[in-house]
*Asks:* 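Got a structure for you, written out below as structure tokens; questions coming shortly.
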Number of protein chains: 2
Amino acid sequence: MNTQELNKVNLNPHVSVDCVILGYDSNELKVLLIERKYSEENENGQAHNPKLDIALPGNLVRDDEDLDTSAKRILKELTGIDNIYMEQFRAFGNPNRVRKEQDAEWLKTMRTDPQARVITIAYFALVKLEDYVPRADSFARRSEWYPIKKVPKLAFDHNEILEQALQVLKFKVTHYPLGFELLPEKFSLGQLQRLYESILGDDLDKRNFRRKMKSLKLLIPLKEKQQGVAHKPAELYMFNMKVYEQLQGGILK
Amino acid sequence: MNTQELNKVNLNPHVSVDCVILGYDSNELKVLLIERKYSEENENGQAHNPKLDIALPGNLVRDDEDLDTSAKRILKELTGIDNIYMEQFRAFGNPNRVRKEQDAEWLKTMRTDPQARVITIAYFALVKLEDYVPRADSFARRSEWYPIKKVPKLAFDHNEILEQALQVLKFKVTHYPLGFELLPEKFSLGQLQRLYESILGDDLDKRNFRRKMKSLKLLIPLKEKQQGVAHKPAELYMFNMKVYEQLQGGILK
DNA sequence: ACAAAAGTGTTTAATATACACCCATGT
DNA sequence: ACATGGGTGTATATTAAACACTTTTGT
């Protein structure tokens with residue numbers, strides 16, 4: 001029995017997991033979406049009526065796995081992203097989650113029980129975008145980072161799930177110093193501030209922001225500056241993992 | 001088709017809801033649990049080997065209902081409690097949720113598909129304990145308020161669910177003024193403080209606590225005092241719903 | 001008179017907010 | 001020389017924390 005057969009046998013037809021993976025680049029928040037191309041075949045085995053569906057990475061859970069494990073497996077299978085910390089944030093169980101005709105069609109081609117009512121458990125994670133350049137693994141589908149502001153209509157209730165994930169992020173970022181999760185290893189205070197501003201949708205006072213961040217003792221100043229910028233080059237910092245973990249954990253395990 | 005038959009037809013075998021209903025009385029937190037008495041019958045139709053199971057109120061969801069609706073329905077059916085605001089707080093999906101032999105036995109007597117792997121969506125709510133005196137409705141099972149510190153071993157992973165609900169409460173109560181939900185209509189500042197102390201597991205400064213509470217403008221002082229207490233009688237207060245709702249909503253809808 | 005909880009203010013420390021100018025670099 | 005974002009300090013207001021004695025009632 002290969003992996004795919006095993007999956008079919010063990011998949012729970014009523015419970016799925018969807019992953020909201022957020023990254024940050026070029027001063028904007030992005031979300032990782034998968035593009036599901038599929039086409040129905042006619043009696044001659046030829047593809048016709050090709051469709052493109054854009055969705056959060058997600059799938060049915062297996063009956064023998066924990067929800068957290070399932071989320072990790074599914075993300076890996078669909079995008080190649082491995083070994084990141086994800087956090088469950090909400091179950092979505094509207095019986096009308098499958099509203100669009102296109103969703104129903106897709107289910108018919110992909111699921112053994114396309115009529116089943118599915119509850120989905122939504123996960124979210126913050127990643128350094130640079131670490132996860134979309135690539136077409138043998139198993140992975142085509143995945144792509146979409147700027148939050150340019151996210152199109154998604155499958156099922158995925159727009160709503162994304163919306164709520166952003167609310168969660170907004171909340172968390174004001175209570176825990178999570179910004180670091182989204183930035184490259186070396187970053188400037190300006191970058192950090194712009195990140196916060198784009199998450200919170202609000203301007204922050206530069207001097208107060210810097211004082212606050214420095215008071216947290218989470219920044220390690222590097223003796224290094226930006227290169228080749230048309231203004232005074234910024235000092236670069238690293239993030240002090242040890243202090244962060246001692247604080248309370250937050251999103252990191 | 002009566003209600004019970006309808007239920008059987010429509011129940012989703014893989015998704016359940018469990019409710020953590022918290023109350024406060026005699027200076028301690030309490031949780032509403034149901035006692036499931038059941039017995040296997042032998043070939044003569046006689047009951048033998050009677051069992052008592054204590055659990056959170058919960059059951060499978062119906063395929064045609066929203067999770068929130070399901071939680072409300074199930075709570076009503078099991079305890080008679082109606083029309084309270086409940087909030088989803090987490091999905092529990094450990095494949096080993098059914099560990100104890102007793103749980104497996106119970107499932108056999110109650111479920112059409114006792115082997116199914118079930119994910120449960122946990123809800124929690126705060127209620128004025130005085131409003132919900134357990135009573136044996138025609139449909140309701142025997143339910144009882146248990147002091148948090150005296151909760152016995154519960155069915156499935158219900159002890160873990162309860163534990164997490166208490167963490168959620170602890171968090172929420174430090175961010176939103178929810179204490180009121182748990183007190184009778186008229187209460188003293190001393191009662192309110194003791195409530196907070198028992199939730200947070202920590203002593204609070206009396207003068208600072210009172211100043212804080214008064215600054216929130218959520219208390220309406222009544223021209224009324226405690227009666228028949230062997231000390232200076234406390235002023236009684238009511239809770240100002242309007243101001244609270246304007247604040248942010250919190251747990252109230 | 002005593003026990004028991006209610007009620008009350010002030011001082012100090014910590015934290016948050018508002019605000020404006022000079023600096024280093026590339027073009 | 002100018003445009004661009006980097007970098008810095010101080011004064012004021014708000015909020016949090018620490019702390020002890022008097023009052024009212026029932027027994």
Side-chain angles (χ1 to χ4, degrees), chain A residues 24-28 171 173-177 179 183-184 186-198 200-239 243 247-248, chain B residues 24-28 171 173-177 179 183-184 186-198 200-239 243 247-248:
Chain A
Y24 179 74
D25 185 34
S26 316
N27 294 339
E28 57 183 0
F171 179 85
V173 94
T174 58
H175 290 80
Y176 311 96
L183 291 176
K186 300 172 181 183
F187 55 87
S188 70
L189 288 174
Q191 276 180 286
L192 187 59
Q193 183 175 347
R194 283 188 294 275
L195 168 60
Y196 272 83
E197 287 173 338
S198 71
L200 299 175
D202 210 355
D203 287 354
L204 302 170
D205 180 276
K206 193 178 12 169
R207 281 173 287 190
N208 293 336
F209 179 82
R210 293 164 102 90
R211 185 177 21 253
K212 188 69 189 289
M213 284 300 146
K214 285 178 176 169
S215 77
L216 295 175
K217 314 269 183 198
L218 284 168
L219 299 177
I220 304 170
L222 303 171
K223 276 145 197 118
E224 205 176 330
K225 297 189 177 193
Q226 277 182 315
Q227 299 279 327
V229 284
H231 53 75
K232 180 174 177 180
E235 290 286 341
L236 296 181
Y237 294 82
M238 266 183 62
F239 167 48
V243 175
L247 274 182
Q248 17 57 30
Chain B
Y24 179 74
D25 185 34
S26 316
N27 293 338
E28 56 183 2
F171 179 85
V173 93
T174 58
H175 291 78
Y176 311 96
L183 291 176
K186 300 173 181 181
F187 54 88
S188 71
L189 288 174
Q191 275 180 285
L192 187 58
Q193 184 175 346
R194 283 188 296 274
L195 168 60
Y196 272 82
E197 288 173 336
S198 72
L200 299 175
D202 210 355
D203 287 355
L204 302 171
D205 180 276
K206 189 167 33 157
R207 280 172 288 189
N208 293 336
F209 179 82
R210 292 163 102 90
R211 186 180 16 254
K212 187 72 189 288
M213 285 300 147
K214 285 177 176 170
S215 77
L216 295 174
K217 314 271 184 198
L218 285 168
L219 299 177
I220 304 170
L222 303 170
K223 276 147 195 115
E224 206 176 329
K225 297 189 178 192
Q226 278 181 314
Q227 299 279 326
V229 284
H231 55 76
K232 181 173 177 178
E235 290 287 342
L236 296 181
Y237 292 82
M238 264 183 62
F239 165 49
V243 175
L247 273 181
Q248 16 59 25

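Sequence lines set the chain letters: A, B, ... in the order given, protein chains first and strands last, and positions in each chain run from 1.
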*Asks:* CG/B:L236 to CG/B:L189 distance, rounded to the nearest 0.5 angstrom?
*Replies:*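 Reported to 0.5 Å precision, the distance equals 9.5 Å.
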*Asks:* Tell me which residues in residues 206-214 of chain A put a heavy atom below 4.0 Å from DNA chain C, sorted by number, or none.
*Replies:* A:R207, A:N208, A:R211, A:K212
*Asks:* Pick base, sugar-phosphate or nothing for B:Q226, based on heavy-atom distances below 4.0 Å to the nucleic acid.
*Replies:*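 No contact.
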*Asks:* Mind checking side-chain contact (heavy atoms from CB on, under 4.5 Å) for A:E235 and listing every partner two or more places apart, or none if nothing turns up?
*Replies:* A:K225, A:Y237
*Asks:* Hey, could you give me the CG/CE distance between A:L222 and A:M238, rounded to the nearest 0.5 Å?
*Replies:* 6.5 Å
*Asks:* Could you pull out all residues at least two apart from A:Q193 that satisfy side chain to side chain donor-acceptor pair (under 3.5 Å)?
*Replies:* A:E197
*Asks:* Are any non-hydrogen side-chain atoms of B:Y24 and B:Q191 less than 4.5 angstrom apart?
*Replies:*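 No, too far: nothing below the 4.5 Å cut-off.
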*Asks:* Nearest-nucleotide wise, let me know which of A:V229 and B:Y237 is further upstream toward the 5' end of DNA chain C.
*Replies:*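 Taking each residue's closest nucleotide, the earlier one in sequence belongs to B:Y237.
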*Asks:* Going 5' to 3' on DNA chain C, which nucleotide is the first and which the last to come under 4.0 Å of a heavy atom in chain B?
*Replies:*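 For DNA chain C, the relevant span reads C:dA3 to C:dT10.
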*Asks:* Between which nucleotides of DNA chain D, read 5' to 3', does contact with chain A run, using atoms under 4.0 Å from its heavy atoms?
*Replies:* D:dA3 to D:dT10
*Asks:* Name the atoms and distances for all side-chain donor-acceptor pairs under 3.5 Å in residues 205-221 of chain B, with sequence neighbours left out.
*Replies:*
{"from": "B:D205", "atom 1": "OD1", "to": "B:R207", "atom 2": "N", "distance (Å)": "3.1"}
{"from": "B:D205", "atom 1": "OD1", "to": "B:N208", "atom 2": "N", "distance (Å)": "2.8"}
{"from": "B:D205", "atom 1": "OD1", "to": "B:N208", "atom 2": "ND2", "distance (Å)": "3.4"}
{"from": "B:N208", "atom 1": "OD1", "to": "B:R211", "atom 2": "NH2", "distance (Å)": "2.5"}
{"from": "B:S215", "atom 1": "OG", "to": "B:K212", "atom 2": "O", "distance (Å)": "2.7"}

*Asks:* First locate atom CG of B:D25, then atom CG of B:L183, and finally report the distance between them rounded to the nearest 0.5 Å.
*Replies:* 10.5 Å
*Asks:* Of the non-hydrogen atoms in B:F171 and A:F171, which two are nearest, and what is the gap between them?
*Replies:* CZ-CZ, 3.6 Å
